[in-house]
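Values below: all heavy atoms of this structure, side chains included; hydrogens, waters and symmetry mates excluded. Order of the sequence lines sets the chain letters (A, B, ...), proteins ahead of strands, with each chain counted from 1.
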Protein chains: 2
Amino acid sequence: MDTEATGRRARNMLEKRERIVRAAAELFAERGFEGVTTQEISERADVAAGTLFRYAASKGELFLMVHNEELRAAIQAGAAAAAAEQDPEKAVIALVEPVMQRARDSRSAAVYQRELLFGPPTERYRAEGLALVGELERRIAERLGGGADAARAARTVFAVLNLLLVQPWTGVHPGADPVEELRLQVAQVVRGFRAR
Amino acid sequence: MDTEATGRRARNMLEKRERIVRAAAELFAERGFEGVTTQEISERADVAAGTLFRYAASKGELFLMVHNEELRAAIQAGAAAAAAEQDPEKAVIALVEPVMQRARDSRSAAVYQRELLFGPPTERYRAEGLALVGELERRIAERLGGGADAARAARTVFAVLNLLLVQPWTGVHPGADPVEELRLQVAQVVRGFRAR
DNA sequence: CCACCAAAATGAGTAGCCTCATTTTTGAGC
DNA sequence: GCTCAAAAATGAGGCTACTCATTTTGGTGG
């Protein structure tokens with residue numbers, strides 16, 4: 001008998017899941033989403049090709065699984081930074097800035113937004129990511145004092161963030177520093193909310 | 001000899017292009033983007049499977065090719081409606097509303113946004129669609145009086161529009177009427193711009 | 001310790017987008 | 001009208017995400 005309540009089966013699954021996450025994270029980091037095949041991931045994780053899809057419903061879900069933790073961390077960091085701010089405008093900027101900073105690794109950030117918004121609607125890791133976005137919006141609305149208008153402004157802030165994260169991929173506005181641009185757009189939105 | 005300057009070759013290509021566009025439009029309308037195979041499109045257009053890809057680089061490009069005209073028409077309609085408005089806030093809303101109205105056919109609108117933002121960066125019809133978005137933003141910025149802040153607000157308005165078009169797909173905020181929501185968010189953004 | 005069942009893993013197979021070596025068509029020069 | 005080069009079309013085949021019938025494994029009751 002084991003000190004843990006988990007049997008061998010559950011432990012094996014956790015371990016396997018761990019291997020899969022690590023393999024996927026490494027390969028996506030090395031060569032990007034489209035540069036990696038699910039075969040390669042399953043090989044590096046030392047599981048059969050079909051086994052991957054028992055842990056994540058699609059390649060996109062695999063990607064979300066790997067990157068959700070980063071988003072969670074960024075939101076936490078933002079929350080911590082925002083707590084130190086008095087001014088709502090600065091607080092909101094502090095909340096979203098860490099998420100934007102991730103876009104240094106911009107390829108991944110754009111792919112993440114794509115999979116998050118467009119993946120098959122029912123899947124686990126997508127739902128998890130969308131919940132994180134919901135949490136971020138709730139925090140923003142809260143710092144704006146709550147209410148329908150605040151929730152609306154928060155939604156706009158996410159819309160801005162989303163587009164700026166995707167931007168590098170489109171290659172349309174190559175010059176601007178996205179973090180600075182985020183600040184300016186968010187400032188506008190917050191002013192619009194307060195001018196109600 | 002022909003009264004037209006075009007030779008047989010150019011005419012054949014135009015005609016073929018026409019058949020392809022029609023076939024793709026019909027099938028996408030009937031069964032949606034993922035419900036249609038490129039095989040089916042090529043069969044209905046009566047061309048070989050490979051020939052499709054001489055007219056559009058990918059299935060996504062095919063979709064953009066078909067739907068760019070709709071966006072162009074919506075932008076034109078918005079421009080006409082906006083011309084009749086005095087108030088900048090109302091004018092901006094008039095500019096974007098027709099684009100949102102398309103989202104009655106919401107499945108397509110979301111797919112269009114996806115392909116537009118995430119398709120391979122160098123392709124023809126994607127560039128065409130992005131140019132249309134650029135034009136829409138320019139018109140918005142113009143109605144706000146021009147300048148960097150106006151351009152920024154215009155960009156935010158597109159971000160809002162984009163997210164609302166994608167919304168039905170994510171299934172996250174199912175209740176709200178997106179057109180009304182668009183009006184409210186845009187109103188906030190415009191107020192934020194004017195409060196500068 | 002064995003028999004049995006449910007959960008998990010497997011990997012060969014399928015579907016569908018797209019490529020590319022080959023064939024066909026077009027038009028120009030003679 | 002004939003020849004030839006360039007452009008266009010073709011469709012068999014490659015590649016890769018994903019499925020599913022079969023096999024393996026782990027746990028449980030006797």
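Regarding B/E115, its CD atom lies at a distance of 12 Å from the P atom of C/dC17, rounded to whole Å. Remark: C1' of C/dA9 and CZ of A/R17 are 17 Å apart, rounded to the nearest angstrom. Put simply, CE on A/M13 is 14 Å from C1' on D/dG27, counting in whole angstrom units. Protein atom CD of A/E123 is 12 Å distant from nucleotide atom C1' of D/dC18, rounded to whole Å. Computed from coordinates, the B/K16 NZ to D/dA7 P distance equals 17 Å when rounded to whole Å. Straight-line distance from the CG atom of B/D46 to the C1' atom of D/dG11: 14 Å, rounded to whole Å. What separates CZ of A/R19 from P of C/dA8 is a distance of 16 Å, to the nearest Å.
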Check your understanding: Going through the distances and angles, do B/E85 and B/I93 end up as a side chain to side chain contact (heavy atoms under 4.5 Å, CB included)?
Key -> CA-CA 10 Å; B/E85 298 285 351; B/I93 289 171; over 6 Å; no

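The side chain of B/N12 places no N or O atom within less than 4.0 Å of a non-bridging phosphate oxygen (OP1 or OP2) of D/dA8.
Between the CG atom in B/L161 and the CG atom in B/L136 there is a gap of 7.0 Å [rounded to 0.5 Å]. In this structure, B/F118 CZ and A/R114 CZ are separated by 6.5 Å, a value rounded to the nearest 0.5 Å. Expressed to the nearest 0.5 Å, how far NE2 of A/H67 lies from CG of A/L62 amounts to 11.0 Å. Note that the CZ atom of A/R54 and the CE atom of A/M13 stand 6.0 Å from one another [nearest 0.5 Å].
Side-chain N or O atoms of B/R44 include none that pairs as donor or acceptor with a backbone N or O of B/L27 at under 3.5 Å.
Residues satisfying the ring pair (Phe, Tyr, Trp, His ring centres under 6.0 Å) criterion with A/F28, sequence neighbours excluded, are A/F33, A/F63.
Of the residues in residues 52-61 of chain B, those with a non-hydrogen atom less than 4.0 angstrom from any atom of DNA chain D are B/R54, B/Y55. Near DNA chain C, defined here as any heavy-atom distance below 4.0 Å, the residues from residues 22-39 of chain B are B/V36, B/T37, B/T38, listed numerically.
Linking Ile, Leu, Val, Met, Phe, Trp and Tyr whenever their side-chain heavy atoms come within less than 4.5 Å leaves A/L14 and A/I20 in two separate clusters. When hydrophobic clusters are built by joining Ile, Leu, Val, Met, Phe, Trp and Tyr residues whose side-chain heavy atoms come closer than 4.5 Å, directly or via intermediates, A/V96 is not grouped with A/L184.
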